[in-house]
Amino acid sequence: MRKVLLPTVIIIGAILLVLRLFYLQIIDDSFKLKSDNNAIKIQYDYPERGYIYDRTGKLLVANQPSYDIMVIPKDIKNLDTIEFCKLLNITKADFIKIVNKAKVYSPRLPSVFLPQLNKLEFAAFQEKIRKFEGFYIQKRSLRDYQVKFGANVFGFITQVNERIIEKNPYYNSGDLIGKQGVEESYENILRGVKGVKYILKDKFNREIGPYKEGKYDTISVQGKDIHLSIDAELQQYGEELMINKRGGIVAIEPKTGEILALVTAPSYDPAILVGRQRSKNYTMLYRDSIAKPLYDRGLLAEYPPGSPFKILTGLIGLQEGVIDEQTTVFCNHGFSYARGRFMRCHCHGGAQQLHRGIYESCNAYFGTVYLKTINKYLRPADGVDVWSRHLKSFGLGEFMGYDLPTGRRGKAPTSKTYKRIYPNGGWKATAIVSNSIGQGEVLMTPIQLANMMATVANRGYYYTPHIIKSIKGEPIDKKYRTKHVTTIDRKYFEPVIEGLYDVYNLGTAHALQVEGIQICGKTGTAENYTKINGKRVKLQDHSIFVAFAPKDNPKIAIAVLVENGYWGARWAGPIASLMIEKYIKKKITRTDLEKRMFEGSLQGEYAKYTGRKETDTLLLKKPEVTEKQADSPEEATEN
């Protein structure tokens, strides 16, 4: 048997090898095409990227023609370098550096020498191109922004780097790719398919016609258009309200999970990342480590949620059966929860029940509810894990799965968290009671806060937030149409919603009401610490506000966070009310709030710690305020 096996394996292997060679050399001549690179010029036809529209069909991002100067290093001959560099306004050192880089990529294949010429630059070069052997013009399309807002939503277009080329064979040196925002998330849909032509050359390097009569040529296919869920007017309005402030706004349609607005501040005009100045402008934005205009605070910034977290504390307490609507807690402007430990409270004090505890934001009430929830179980670790599982059913402490390329988990602490903090054990519920009011180890991003309110508005379910509304010729991903149900029974949401409604009628947001709209909301003030010269320093608190409206059949849920903005009703609350009115009514009646937000600035607050006093919102102008609007109240004079 052994004598037969070895010859059989050799014979079969030889047959397979001969068949493969026959196929490659006789039947499939695509490898021959590659081996003939010396005699073949490859020319690409780049398609237009798909257009981007908002939810109403308004065009946001289109295309404009652009021209790249391409170079094939081995074809450079008899070049007047001085004339060439003078024409393109570059130095000889630049020329040598770019050509050497192109040679490293490939001496025979084209590389981008100078990208994104405008029409005038193209015309000047085109007149003399015959003098510059080895160089030719490649037409492309660049983004043409129809609006000056939404930079964090759109992202931008940039050249691929070597790592991308190695990872994805579709891309060649000089190709463009979407980065950040929807340009990155939907790159495969927006980019289309580039066409390719193979042109045969003679021994004198002259083009003599298509290779194999165009057998291998392909035509380009334009990218597909997409409609975003963003409401362009609401997005623009949100960015205007946040000028001279830092923070984020996220608005969601509760019934669908569609993102209506995704604002980060400071922001910038997306057009500055198009054209010859793109690299310079991007470097300027990237190096700004103070204002961080490239940092999408709505998705990336993790903050203590503050008092809005009391909504979850109450819901979990109801679900766990440790309280009901009539459970009463006495507040003496705070409460003692351990030997020598006192949690302060700014409510009116006295006997507090769920409804009043919500609209007056009573720390004593929710601190007590939290202790009851954890102490329901024999071990605090078990209580914390049950509490954490409830939080995670709201999408907290996890990546949310939305269709944007960046994000953070936030933090929903578990018993493992406290095992690390207290390795010797011995901790009790009283050691972590600050979680009850959204401090402690709890962290949330603005989009998680907005999704939390969308879930409350829906009485216990949510859809994964997403920014895509439709794709031409394609359905959107199924996961954005899948309902996520929380661990909290629907019946427990109604009493909490009544309390949120009276935040506007009787409580901390009574001055922020909008006539004709029933808004449910919650103010928040989150403590803010940082390290300066190695020391932990307390900065001005963050202003937080969450809301949804109308109370019944809600159309919008929103979270607003303004860094160093004092308390919730001072900055975040007015912005939330204005955004809700803008979306539902399409006009503003609270012109007093609008004037204060447009004219107000927190730059003085930021300068206390950075020494930087200038506005940090780049290339966005604050709208003019009409004379009919009332004078700004005292709160507007921040500086």
Side-chain angles (χ1 to χ4, degrees), residues 304-394 396-397 411-422 424-444 452 486-489 492 495-496 499 522 524-527:
S307 290
F309 193 80
K310 294 172 183 175
I311 298 169
L312 297 178
T313 302
L315 286 169
I316 294 170
L318 290 168
Q319 182 67 36
E320 289 294 310
V322 298
I323 60 164
D324 58 28
E325 293 178 58
Q326 282 71 47
T327 299
T328 302
V329 172
F330 187 81
C331 177
N332 185 25
H333 299 292
F335 82 115
S336 299
Y337 59 90
R339 184 180 300 174
R341 304 298 295 273
F342 186 78
M343 179 182 284
R344 295 178 60 198
C345 183
H346 297 287
C347 76
H348 293 109
Q352 295 279 355
Q353 295 178 332
L354 178 64
H355 182 253
R356 184 181 171 202
I358 291 173
Y359 74 72
E360 286 195 355
S361 197
C362 178
N363 288 347
Y365 180 84
F366 289 100
T368 301
V369 172
Y370 182 77
L371 293 179
K372 286 176 176 284
T373 300
I374 305 302
N375 291 332
K376 174 184 174 181
Y377 297 86
L378 291 176
R379 299 192 316 145
D382 295 334
V384 166
D385 286 338
V386 169
W387 169 78
S388 185
R389 282 196 291 273
H390 286 304
L391 296 183
K392 288 178 179 177
S393 75
F394 284 78
L396 307 185
K411 185 181 285 188
T414 66
S415 59
K416 291 181 180 178
T417 307
Y418 296 109
K419 190 174 181 179
R420 289 193 298 269
I421 296 174
Y422 303 100
N424 298 323
W427 60 275
K428 299 179 180 179
T430 51
I432 57 174
V433 70
S434 55
N435 285 336
S436 64
I437 59 171
Q439 298 288 164
E441 285 68 52
V442 177
L443 294 174
M444 293 173 68
M452 177 190 79
T486 71
T487 55
I488 310 297
D489 294 341
Y492 295 126
V496 170
K522 186 73 189 75
T525 305
E527 291 184 350

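One-based numbering along the sequence shown. Values below: all heavy atoms of this structure, side chains included; hydrogens, waters and symmetry mates excluded.
- The CG atom of Leu443 lies 8.5 Å from the CD atom of Glu441; values are rounded to the nearest 0.5 Å.
- The minimum heavy-atom distance linking Leu354 with Pro495 is given by the pair CD2-CB, 4.1 Å.
- To the nearest 0.5 Å, atoms CG (Asn435) and OH (Tyr418) are separated by 3.5 Å.
- No side-chain donor-acceptor contact under 3.5 Å links Gln439 to the backbone of Pro304.
- In this structure, Ser393 contributes its side chain and Thr487 its backbone to a donor-acceptor pair below 3.5 Å.
- In terms of modelled atom types and a separation under 3.5 Å, the side chain of Asn363 and the main chain of Arg344 share a donor-acceptor contact.
- Taking NZ of Lys372 as the start and OG of Ser436 as the end, the distance is 13.5 Å to the nearest 0.5 Å.
- Counting all heavy atoms, side chain and backbone alike, Ile374 lies closest to Pro380 at CG2-O, 3.8 Å.
- Applying the ring-ring contact (aromatic ring centres under 6.0 Å, His included) test to pairs two or more places apart or on separate chains, none has a residue in residues 308-334.
- Judged by distance alone, the side chain of Gln353 and the main-chain N or O of Gln326 form a donor-acceptor pair under 3.5 Å.
- Residues satisfying the salt bridge (charged side-chain N to carboxylate O under 4.0 Å, His left out) test with Asp382, not counting sequence neighbours, are Arg379.
- By the 4.5 Å heavy-atom criterion applied to side chains, Leu312 and His390 are not counted as neighbours.
- With sequence neighbours excluded, the residues satisfying salt bridge (charged side-chain N to carboxylate O under 4.0 Å, His left out) with Lys376 are Glu320.
- Rounded to the nearest 0.5 angstrom, Thr313 OG1 and Ile437 CD1 are separated by 9.0 Å.
- For the side chain to side chain donor-acceptor pair (under 3.5 Å) test, residues two or more places apart in sequence or in another chain that qualify with Glu360 are His348, Gln352, Arg356.
- The main-chain N or O of Ala412 is found under 3.5 Å from a side-chain atom of Ser388 such that the two form a donor-acceptor pair.
- Using a 4.5 Å cut-off on side-chain heavy atoms (C-beta onward), Phe394 and Ile311 make no contact.
- Between Ile488 and Leu318, the closest side-chain pair of non-hydrogen atoms is not below 4.5 Å.
- Rounded to the nearest 0.5 angstrom, Cys362 SG and Met343 CE are separated by 10.0 Å.
- Contact annotation: the side chain of Pro305 approaches that of Val442 to within less than 4.5 Å [non-hydrogen atoms, C-beta and beyond].
- Note that NZ of Lys411 and CG of Leu391 are 13.5 Å apart. Values are rounded to the nearest 0.5 Å.
- When the ring pair (Phe, Tyr, Trp, His ring centres under 6.0 Å) test is applied to Tyr370, the partners found at least two apart in sequence or on another chain are Trp387.
- Among all heavy-atom pairs drawn from Asp385 and Thr414, the shortest one is OD1-CB, 3.4 Å.
- Judged as a ring pair (Phe, Tyr, Trp, His ring centres under 6.0 Å), and not counting sequence neighbours, Tyr492 has no contacts.
- In plain terms, the two heavy atoms of Cys347 and Cys331 that are nearest each other are SG-SG, 3.7 Å.
- Taking both residues in full, the closest heavy atoms of Pro413 and Val384 are given as O-CG1, 3.8 Å, listed atom of the first, atom of the second, then distance.
- Lys428 and Asn375 share no donor-acceptor pair across their side chains, judged by distance under 3.5 Å alone.
- Nearest heavy-atom pair, Ser361 versus Ser307, reported as atom, atom and distance to 0.1 Å: OG-OG, 3.2 Å.
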